[in-house]
Participant: 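Following this message is one structure expressed as structure tokens.
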Amino acid sequence: MAHYNFGKIEKKWQKVWAKNKHKIWHTAMPGQHLISNPKHYILDMFPYPSGEGLHVGHAEVYTASDIVSRYYRMKGFNVLHPMGWDAFGLPAENYAIKTKTHPREVVKKNVQRFKEQLQSLGLSYDWQREINTTDPEYYKWTQWIFLQLFKKGLAYEAETPVNWCTQDKTVIANEEVADGYCERCGGAVERKNLKQWILKITAYADRLLEDLNGLDWPERVKEMQRNWIGRSEGAIIKFKVPMPTGRQESSKFEVSVFTTRPDTLDGATYVVLAPEHPLVASLLNVKNQSISRRTKIKNIEEVLNYIERSKHRSERERQENKEKTGVELKGVKAINPLNNEELPVWIADYVLLNYGTGAIMAVPQHDERDREFAEKFKLPIINRPLININEVIKKVSGKKIVNYKLRDWVFSRQRYWGEPIPIIKCEKCGNQPVLEEDLPVKLPEVKNYEPTGKAESPLAGIEKWVNVKCLKCGGQAKRETNTMPQWAGSCWYYLAYLRGSQKSKVKSQKLVDPESEKYWLPVDFYIGGVEFAATHLLYARFWHKFLYDIGIVVTKEPFKKLINQGLILGPDGQKMSKSRGNVVNPDDVVKNFGADSLRLYEMFMGPLGDAKSWDPRGIVGSQRFLSRVHGLIGSHAKMKSQISNFKPQINPNDQNSKIEKLLHQTIRKVSEDIENFRFNTAISALMILMNGIEKQPLLEIRNSKLLIKLLFPFAPHLAQELWEKIGSKTLLDYEEWPKWDPNLIKEKTFQLVIQINGRMRDIIVVDIGISQEEAEKISLNREQVKKWLGNQKVKKTIFVKDRLINFIV
RNA sequence: GGGCGAGUGGCGGAAUGGCAGACGCGAUGGACUCAAAAUCCAUUGAUCGCAAGGUCAUGAGGGUUCGACUCCCUCCUCGCCCACCA
């Protein structure tokens with residue numbers, strides 16, 4: 001059988017769908033009457049429209065959500081299934097620097113290509129709701145949310161470290177750092193502190209943790225978020241560090257450590273500070289630039305060298321299990337507040353400034369890392385009895401606290417291509433929020449997107465834009481020139497779709513129409529990669545909870561059910577990448593095999609959530625299957641007048657009744673599998689049905705219709721084509737999903753497995769509901785059973801109803 | 001280093017406490033053909049046996065159970081994420 005002309009069929013129906021005057025995939029706009037049907041909001045993680053174009057991994061998620069959307073539409077649900085573009089970000093900017101094109105133009109081109117590619121897969125999006133995070137009408141509201149955060153004290157400025165390329169004189173992303181050097185220019189990278197905007201996500205830590213319990217998310221994602229938030233109970237204990245000059249005691253010369261084990265305090269044998277810890281600078285007395293005279297530290301050179309070295313190591317490197325490094329601050333001692341013992345003080349870069357207090361007390365007897373360190377540097381390891389936690393804390397005036405691994409969210413980027421942070425800075429009056437009526441603060445045009453050589457955004461160079469009047473005093477002020485991170489736009493985009501069409505968006509004076517929000521939220525199915533577990537998914541939950549607090553939304557959580565898709569690896573089992581040369585381009589696959597074959601194959605490859613490698617031969621199986629369906633129904637459609645009168649027989653032994661049963665089993669299997677995102681087994685069930693139908697002497701039109709409907713969510717073009725071929729004029733989107741008859745599926749008999757000592761020795765067909773006595777009687781009469789039992793005595797019999805009987809001898 | 005997953009035929013996978021290998025790919029043999037492709041039919045975990053049938057087998061080792069791919073423990077290997085890639 002030759003393959004059907006998928007190219008022609010697919011183009012034909014894509015055209016019909018695009019033009020369709022009934023707007024099959026459109027849902028009611030804000031202000032329009034909402035249908036009272038039950039709803040499903042089925043959301044894809046929207047793509048970053050990269051220059052590479054659509055990836056087969058995109059095709060995988062989007063096909064999955066498309067199947068579910070089509071299924072629920074046929075089940076009578078009001079389905080919202082939108083798509084948009086997460087279009088701010090680094091690659092567009094880097095490309096702009098290289099080619100001198102405006103990122104806006106790059107994004108426009110890429111979006112167009114992505115959209116065409118998505119449409120070539122036959123995905124049923126409500127395109128009238130399309131959004132783009134770089135659209136000023138869009139980022140106006142991203143900025144608006146920032147203003148609300150600022151007004152509630154949840155956005156603040158503080159010094160935080162960035163990767164500073166010493167050659168380019170610019171801040172670079174983690175991704176652009178390779179082994180301590182800048183990936184682009186090869187210059188050395190060091191950590192440098194910069195004043196940046198920070199969002200207080202830690203204020204929501206407890207709620208973000210608590211509310212995970214109510215979410216229908218994969219347990220592993222919830223677990224990742226729990227660990228990321230990293231709640232731990234412990235205490236802050238202060239160690240005095242006597243003034244190195246030996247004169248008066250000062251509160252400055254003490255160090256607070258966070259410990260989860262205050263009960264081990266008696267066994268502490270040394271104290272470790274992060275190299276950046278402010279106490280280290282104080283001890284070195286750096287500000288006088290006369291370190292050596294006023295400090296007690298005897299090994300200044302060594303200490304300074306170590307601090308300098310740490311600057312060049314990333315956080316990850318510092319925590320890696322290579323040899324632990326550290327330097328003792330010779331001459332400095334910390335006093336254990338419990339027993340007044342003098343402890344040596346070290347600096348080591350495995351202690352991080354931004355976790356806990358940036359300082360630890362080391363108890364080598366109880367902590368593995370401390371012991372390793374102690375063994376390497378020959379520090380004492382002592383075993384002292386544990387003391388009751390409350391007693392310790394009371395005795396040393398410690399403070400019980402809850403500590404989180406979660407850190408506040410650094411929200412500034414020294415970049416052009418992002419949302420400008422809507423703040424005006426006045427030297428006299430401080431930070432002023434831009435007035436809401438002045439939003440959006442639009443990105444101005446710049447001549448080039450190159451870094452400025454100072455740690456600031458290219459926006460800083462546009463004087464006309466930067467210089468403004470202070471809103472309070474009217475004096476000379478400047479705009480904030482940092483932009484927001486790419487995550488900002490994706491924190492609320494599921495709400496942006498509810499703003500509706502371009503027309504209703506422009507008209508709207510609110511972030512989201514309350515009616516629409518009440519009806520559509522929460523998102524029922526949110527589908528995307530597990531790699532966002534601790535970033536986007538946490539950031540979006542944080543913003544949503546904030547919007548809940550200020551009365552914008554009525555739900556506490558944005559995404560009710562989360563579904564993860566796994567990576568599609570190259571044929572070599574490696575992650576697809578240009579440099580490996582193992583990238584599969586979906587355009588080629590669509591051209592050579594058809595969109596329906598691509599969709600079917602990607603869903604058939606394995607469980608949605610698993611990583612799986614692309615097998616260039618595997619797709620022919622999917623294509624072969626579709627061609628067989630096309631051949632069978634297509635050829636029979638010509639004779640439809642003859643077969644439509646065919647009457648099914650009632651006789652249960654008749655072929656026709658068998659196929660009836662298979663059909664209903666398949667309807668059930670496919671329905672249940674779609675609802676549970678198990679597409680690989682759903683497709684396998686369709687194949688089994690097809691194999692059964694092919695063996696039939698005659699094809700009943702009713703059976704064709706059922707098969708077509710079941711196939712439709714997976715291979716919509718072919719299904720719609722065949723639907724037309726058998727004489728139906730409707731669009732399948734409006735057809736009802738088949739129901740199964742439980743009576744037709746019910747089995748009357750089953751295969752009873754007979755085991756002896758747990759090993760299968762015989763199998764017989766018996767009636768469902770057979771009693772243990774009867775099963776025993778029949779089994780013990782079987783030749784096979786007699787042979788295996790011999791003259792051994794049955795000690796025990798295990799009977800599992802409608803399944804097996806096991807004789808223990 | 002930390003966190004989260006996964007290991008089943010030649011390959012992708014199915015079975016989540018009860019017949020291991022559904023469905024598909026590939027391979028082998030056959031039909032059709034001058035021939036090839038396509039298609040159709042049959043076989044296809046390993047091993048012993050003429051056969052009936054047996055034994056072994058789900059990364060390795062142990063445990064729980066009448067019974068373990070499935071649950072528990074130890075180990076090995078691989079994948080993903082780690083806060084400025086998205």
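The basis for the numbers below is simple: all heavy atoms, side chains too, and nothing from hydrogens, waters or symmetry mates. As the structure is a computational prediction, the values presented were derived from the model and not from experiment. Protein chains get the first letters and strands the later ones, always in sequence-line order, with residue 1 at the start of each.
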Participant: Can you confirm whether A:Leu707 sits close enough to A:Ile633 that some side-chain heavy atom of one is under 4.5 Å from a side-chain heavy atom of the other?
Facilitator: yes
Participant: Just say parallel, tilted or perpendicular for the rings of A:Phe88 and A:Tyr139, cut-offs at 30° and 60°.
Facilitator: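 Aromatic pair A:Phe88/A:Tyr139 classed tilted.
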Participant: Under the side-chain hydrogen bond (donor to acceptor under 3.5 Å, both in side chains) rule, what do A:Arg413 and A:Gln486 come out as? Steps first, then yes or no, please.
Facilitator: CA-CA 9 Å; A:Arg413 297 294 182 270; A:Gln486 169 278 337; over 6 Å; no
Participant: For B:A51, what is the paired nucleotide under Watson-Crick or G-U wobble rules, both distances under 3.5 Å?
Facilitator: none
Participant: Could you tell me whether the side chain of A:Gln751 has a donor or acceptor atom within less than 3.5 Å of a complementary atom in the base of B:C19?
Facilitator: yes
Participant: Under 3.5 Å for both donor-acceptor distances, Watson-Crick or wobble: does B:G79 have a partner, and if so which one?
Facilitator: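 Across any shown strand, B:G79 pairs with B:C4.
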Participant: Report yes if at least one side-chain N or O of A:Arg761 is closer than 4.0 Å to OP1 or OP2 of B:G67; otherwise report no.
Facilitator: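 No.
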Participant: For the P atoms, the ones on B:A46 and on B:C11, what distance do you get once it is rounded to whole angstrom?
Facilitator: 12 Å
Participant: Side-chain donor or acceptor of A:Asn806 under 3.5 Å from a matching atom on the base of B:C66?
Facilitator: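 Donor-acceptor pair under 3.5 Å: yes.
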Participant: Taking atom types as modelled, is there a side-chain donor on A:Trp614 or A:Glu602 under 3.5 Å from an acceptor on the other?
Facilitator: no
Participant: Can you check the distance between B:C75 and B:A20, where both ends of the measurement are the C1' atom (answer in whole Å)?
Facilitator: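 Pairwise C1' distance, B:C75 against B:A20, rounds to 25 Å.
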Participant: For B:U8 versus B:G21, give the span between their C1' atoms, rounded off to a whole number of Å.
Facilitator: 8 Å
Participant: Respond yes when some side-chain nitrogen or oxygen of A:Arg413 is under 4.0 Å from OP1 or OP2 of B:C84, and no when none is.
Facilitator: yes
Participant: With rounding to whole Å, what would you report as the distance between B:A86 and B:C81 at their C1' atoms?
Facilitator: 13 Å
Participant: Searching all strands shown, indicate the nucleotide that pairs with B:C32 (Watson-Crick or G-U wobble; both distances under 3.5 Å).
Facilitator: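 WC or wobble partner does not exist here.
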Participant: In terms of side-chain heavy atoms of A:Arg803, which of B:A22, B:C80, B:G18 is nearest?
Facilitator: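 Among B:A22, B:C80, B:G18, the one nearest the side chain of A:Arg803 is B:G18.
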Participant: Quick one: which of B:G3, B:C85, B:A86 gets closest to the side chain of A:Asn227?
Facilitator: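 Given the options B:G3, B:C85, B:A86, the side chain of A:Asn227 is closest to B:G3.
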Participant: Between B:A83, B:G26, B:C19, which nucleotide gets closest to the side-chain atoms of A:Ile763?
Facilitator: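 Closest of the options to the side chain of A:Ile763: B:C19.
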Participant: Under 4.0 Å between any heavy atoms, over every strand shown, what does A:Arg407 touch: base, sugar-phosphate, or nothing? Just pick one.
Facilitator: base
Participant: Would you mind telling me which of B:C80, B:G26, B:G18 lies closest to the side-chain atoms of A:Arg617?
Facilitator: B:G26
Participant: Are the charged groups of A:Arg599 and A:Glu60 less than 4.0 angstrom apart, N to O?
Facilitator: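 So A:Arg599 does not pair with A:Glu60 through a salt bridge.
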Participant: Indicate whether OP1 or OP2 belonging to B:G67 is found under 4.0 Å from a side-chain N or O atom of A:Arg759.
Facilitator: no
Participant: Counting only Watson-Crick or G-U wobble pairs whose two distances fall under 3.5 Å, which nucleotide matches B:U43?
Facilitator: B:A27
Participant: Between A:Tyr601 and A:Val530, which has a closest nucleotide on RNA chain B that is more 5'?
Facilitator: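 Result of the comparison: A:Tyr601.
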Participant: Looking at the side chain of A:Asn691, which of B:C23, B:G53, B:A86 is the nearest nucleotide?
Facilitator: B:C23
Participant: Mind listing the residues from residues 86-94 of chain A sitting with a heavy atom below 4.0 Å of RNA chain B? Number order is fine.
Facilitator: A:Asp86, A:Gly89, A:Leu90
Participant: A:Arg226 versus A:Leu212: any side-chain heavy-atom pair under 4.5 Å?
Facilitator: yes
Participant: Students often mix this up, so state it plainly: with edges at 30° and 60°, are the rings of A:Tyr526 and A:Tyr493 parallel, tilted or perpendicular?
Facilitator: tilted
Participant: Assign A:Val620 to base, sugar-phosphate, or nothing according to its heavy-atom contacts below 4.0 angstrom with the strands shown.
Facilitator: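 Answer is sugar-phosphate: A:Val620 comes under 4.0 Å of backbone atoms only.
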Participant: With a 4.0 Å limit, can you tell me whether A:Lys575 has a side-chain N or O closer than that to the phosphate oxygens OP1/OP2 of B:C81?
Facilitator: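 True: A:Lys575 side-chain N/O within range (under 4.0 Å) of B:C81 OP1/OP2.
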Participant: Taking the minimum atom-to-atom distance to the side chain of A:Val162, which one of B:A86, B:C84, B:G5 wins?
Facilitator: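 Nucleotide nearest to A:Val162's side chain: B:C84.
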Participant: With a non-hydrogen cut-off below 4.0 angstrom, is A:Leu567 in contact with a base, only sugar-phosphate, or nothing?
Facilitator: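 Sugar-phosphate contact only.
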Participant: Quick one: which of B:G18, B:C23, B:U55 gets closest to the side chain of A:Trp788?
Facilitator: B:U55
Participant: For the C1' atoms, the ones on B:A14 and on B:G63, what distance do you get once it is rounded to whole angstrom?
Facilitator: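 After rounding to an integer number of Å, I get 28 Å for this pair.
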Participant: Just compare B:C25, B:G53, B:C23 and give me whichever is closest to any side-chain atom of A:Phe604.
Facilitator: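 That would be B:C23.
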Participant: With distance as the sole criterion, do the side chain of A:Glu223 and the base of B:G3 form a donor-acceptor contact below 3.5 Å?
Facilitator: no
Participant: Using whole Å, report how far OH of A:Tyr416 lies from C1' of B:C84.
Facilitator: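 Answer to the nearest Å: 20 Å.
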Participant: To the side chain of A:Arg628, which of B:A83, B:G3, B:C40 is closest?
Facilitator: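 When the side chain of A:Arg628 is considered, B:C40 is the closest of B:A83, B:G3, B:C40.
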Participant: Polar atom pairs between nucleotides 14-16 of chain B and protein, under 3.5 Å, N or O only, would you list them?
Facilitator:
from	atom 1	to	atom 2	distance (Å)
B:A14	OP1	A:Asn680	ND2	2.7

Participant: So, A:Trp417 versus A:Tyr449, ring centres under 6.0 angstrom or not?
Facilitator: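 Aromatic pair excluded; centres sit 6.0 Å or further apart.
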Participant: Does A:Gln196 make a side-chain donor-acceptor contact with the base of B:C84, cut-off 3.5 Å?
Facilitator: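 Between B:C84 and A:Gln196, which were checked side chain against base, a qualifying N/O pair under 3.5 Å is present.
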Participant: So what does A:Glu176 touch, heavy atoms closer than 4.0 Å: a base, only the sugar-phosphate, or nothing?
Facilitator: nothing
Participant: Both A:Val800 and A:Met224 contact RNA chain B. Which one's nearest nucleotide lies toward the 5' end?
Facilitator: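 Comparing both residues, the 5'-ward one is A:Met224.
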Participant: Will you find, in the side chains of A:Glu456 and A:Asn482, an N or O donor that is under 3.5 Å from an N or O acceptor?
Facilitator: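 No, because no side-chain N or O of A:Glu456 sits under 3.5 Å from a partner of the opposite role on A:Asn482.
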Participant: For A:Ala611, answer base if it contacts any base atom (sugar-phosphate contacts may also be present), sugar-phosphate if it contacts only those atoms, and nothing otherwise; contact means non-hydrogen atoms under 4.0 Å.
Facilitator: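 Result for A:Ala611 = sugar-phosphate.
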Participant: Enter syn or anti for the glycosidic conformation of B:G9, syn applying to angles within 90° of 0.
Facilitator: syn
Participant: Are side-chain N/O atoms of A:Asp615 and A:Tyr601 paired as donor and acceptor at under 3.5 Å?
Facilitator: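 Short answer, no.
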Participant: Using the P atom as the point on both nucleotides, what is the distance between B:C73 and B:G79, in whole Å?
Facilitator: 25 Å
Participant: Could you check how far CG of A:Asn174 sits from P of B:C82, rounded to whole Å?
Facilitator: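 Atom CG in A:Asn174 sits about 9 Å away from atom P in B:C82.
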Participant: Can you tell me if A:Gln196 and A:Glu159 form a side-chain donor-acceptor pair at under 3.5 Å?
Facilitator: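 No - no donor-acceptor pair under 3.5 Å links their side chains.
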Participant: Could you let me know what B:G67 is paired to, Watson-Crick or G-U wobble, both distances under 3.5 Å, or none if it's on its own?
Facilitator: none
Participant: Please give the nucleotide sitting opposite B:A38 as a Watson-Crick or G-U wobble pair, both distances under 3.5 Å, or none.
Facilitator: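 Answer to the pairing question: none, since B:A38 forms no Watson-Crick or G-U pair.
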Participant: I want to check one thing: is the phosphate of B:C66, taken as OP1 and OP2, less than 4.0 Å away from some side-chain N or O of A:Lys796?
Facilitator: yes
Participant: Of the candidate nucleotides B:C81, B:G53, B:C25, which contains the atom at the shortest distance from the side chain of A:Lys787?
Facilitator: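 Closest of the options to the side chain of A:Lys787: B:G53.
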Participant: Is it the case that over 12 heavy atoms from other parts of the model lie below 6.0 angstrom from the NZ atom of A:Lys195?
Facilitator: no
Participant: Regarding A:Lys222, tell me which of base, sugar-phosphate or nothing describes its non-hydrogen contacts under 4.0 Å with the strands shown.
Facilitator: nothing
Participant: Starting at CG of A:Asn757 and ending at C1' of B:U65, how long is that distance when rounded to a whole Å?
Facilitator: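 Rounded to whole Å, this separation is 13 Å.
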Participant: Compute whether any side-chain donor of one residue and acceptor of the other, for A:Arg628 and A:Asn691, lie under 3.5 angstrom apart.
Facilitator: yes
Participant: What integer number of Å spans the C1' atoms of B:U16 and B:U70?
Facilitator: 5 Å
Participant: Counting any heavy atom closer than 4.0 Å, what does A:Phe625 reach on the DNA or RNA strands: base, sugar-phosphate only, or nothing?
Facilitator: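 If one applies the 4.0 Å heavy-atom cut-off, A:Phe625 turns out to touch nothing in the nucleic acid.
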Participant: Parallel under 30°, tilted from 30 to 60°, perpendicular over 60°: which one fits the rings of A:Trp409 and A:Trp543?
Facilitator: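 Tilted.
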Participant: Can you tell me, in whole Å, how much space there is between the P of B:G26 and that of B:A37?
Facilitator: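 Going atom to atom, P in each nucleotide, I get 13 Å.
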